[in-house]
Amino acid sequence: MLHFFNVSFQYKYGYGVSNLSFSVENGEFVFLVGPSGAGKTTIFKLINLELFPQTGNIVLGDRNSIYLRKKDIPYIRRRLGIVFQDFKLLPEKTVYDNVAFAMRVVGASGRRIKRRVLEVLKDVGLSHKKLKMPGELSGGEQQRVAIARALVNEPYLLLADEPAGNLDQETAYETMKLLERLNSRGTTILMATHNEKLAKERQKRIIYIKDGRITS
Amino acid sequence: MSWFYSINESISALKKSWISSFLSISSMAVSLFFLGVFMITIFHGWKLVRHLKSQIEMEVFLKDGINNELLKSIRLKLEPMEEIDTLIYISKEKALAGFQKEIGNEEIVDLLGENPLPASFRIRLKEAYHNKENVAKMQKKIEKWAGVDEVLYRYDLLDAIMKYLKTIILVAFFLGGTLVIASILLISNTVRLSISTKRDSIKIMNLVGATPGFIRRPFIFAGAIQGASGAFVAIIALFFLAKIVGFFLPEIKLHFVYVYLGLLIWGIFLGSMGSWIAMHRYLRL
């Protein structure tokens, strides 16, 4: 599903990632664990094609970063779902519209949008709050809206960048349970966290990263 | 569906920054209105010049007492000239008759003891040769012929009109150009504002895989809508101006569908250009 082959990327001001090789297979739940500044977000940006490897290559499904053209990027991003620590919801849109937005901008039909958004809101347990504004929701609920938005286009791979980082312990636990449930139903997940304990408790594969390198 | 979505988005963006939209639409309306006035003025001025040119005749006055052979040879030299559209010979008698008809004085020959008017050829030139340089060249050439006294061509009025027309075109060019640039910049500013208020949406669109074309489309529409709205206001104003002018000068026909259509297309083009400038500077995808 996802393969990194000797991937390096250095920012102009230093840091970045060096010589990374790892894979995530279909249906897996993999943790990327490391302290802040270790390179987790850089890895996500490389997968999402916001950054391009300076050396090495990334294979996602049947696409190889070496042979990519710029115009392919949007179509590859449609196969990825991304969840951020700060949710990145649109405050002026309702829960329903925030999720539907991700489908509208890729040109889905109105009927399909309605059916799929209601389905995915049910999956994350927010059907009853579909007409609320993000500001009216708790942090955990907002994160679930963000997860619903990431899932709505049925991605190959869900990238979660510290999804529980801004949440209290109980809500973080619930968010993790939701992600595990989604994974058990077939969604492949790569989750970045600095919280080693949270990752270890889940008994999933962990990739440790420090100073831009995989340590184990 | 996605086009409908883009149009909706652009209208809502314009509503949100309505003060800026209002300013740019007004400025577009003013500049297109002036552009329309200039276009119509220049069009009519040009029509007038063409009409006057076709009316003005070149007169080749002949020396008194030239014999028939010389007259015939002048006619034979004039007839094959490609510049000439029509050629009429006015004899001394015909000239006198015309003169007397015009001023109604039958005593002129009695008064002077002879017919003072010369015989002449009256020439109308083909449209392609209605220019000053050409006329001057012909004048010089014909005046050298034996039997020809003088060649006249009334160019003064035409000259004055042409001069005015050239000034109008120049003023229109600079004033119109300045107004057009100002309205493009104002539209560009409105679009820049809506880009900055939609920064988060743009970021999310980018992340979920919207194509750059899809992201840009509402902004292009926003510019085009502003340009078209400005053109619409300008067209209404021109329509009423034409009605007022038509009331005082009924002989001038002032409604031009193609001027209105041209302004609409031009407005849409300028508006889209304003958007393009804003996106080029502020929207990196």
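All heavy atoms count here, side chains included; hydrogens, waters and symmetry mates do not. Remember, predicted model here, so these are calculated numbers, not experimental data. So that the names make sense, note that chain A is the first sequence line, chain B the second, and so on, each numbered from 1.
- In summary, the aromatic rings of B:W266 and B:F269 are positioned with their centroids under 6.0 Å apart.
- B:S183 and B:S31 share a donor-acceptor pair across their side chains, judged by distance under 3.5 Å alone.
- No hydrogens or angles considered: nothing links the side chains of B:S21 and B:T190 as a donor-acceptor pair under 3.5 Å.
- The number of heavy-atom neighbours closer than 6.0 Å to CZ of A:F52, taken from other residues, nucleotides and ligands shown, is above 12.
- Residues of residues 74-89 of chain A that come closer than 4.5 Å to chain B, counting heavy atoms only, are A:P74, A:Y75, A:R77, A:R78, A:I82, A:F84, A:K88, ordered by residue number.
- Applying the side-chain hydrogen bond (donor to acceptor under 3.5 Å, both in side chains) test to residues at least two apart or on different chains, the pairs with a partner in residues 145-161 of chain A are A:T41-A:D161.
- In this structure, B:Y258 and B:F43 have perpendicular ring planes: the angle between them is above 60°, well past the 30° mark.
- With a 4.5 angstrom heavy-atom cutoff, A:K93 touches chain B only via side-chain atoms.
- Around the NZ atom of B:K166, the shell of radius 6.0 Å holds no more than 12 heavy atoms that belong to other residues, nucleotides or ligands.
- The closest donor-acceptor contact from the side chain of A:N98 to the backbone of A:T94 lies under 3.5 Å.
- Applying the side-chain contact (heavy atoms from CB on, under 4.5 Å) test between B:I187 and each of B:Q226, B:M273, B:R192 identifies B:Q226 as the sole match.
- In terms of modelled atom types and a separation under 3.5 Å, the side chain of B:S229 and the main chain of B:I225 share a donor-acceptor contact.
- Within residues 118-136 of chain A, no residue has any heavy atom less than 4.5 Å from a heavy atom of chain B.
- Counting non-hydrogen atoms of neighbouring residues, nucleotides and ligands closer than 6.0 angstrom, the OH atom of A:Y11 exceeds 12 such neighbours.
- Side-chain atoms of A:N26 do not come within 3.5 Å of backbone N or O of A:M1 as any donor-acceptor pair.
- Contact annotation for residues 185-193 of chain A against chain B (heavy-atom separation below 4.5 Å): no residues qualify.
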**Item:** Worked check of salt bridge (charged side-chain N to carboxylate O under 4.0 Å, His left out) between B:K203 and B:D200
**Value:** CA-CA 5 Å; B:K203 171 99 181 139; B:D200 290 340; over 6 Å; no

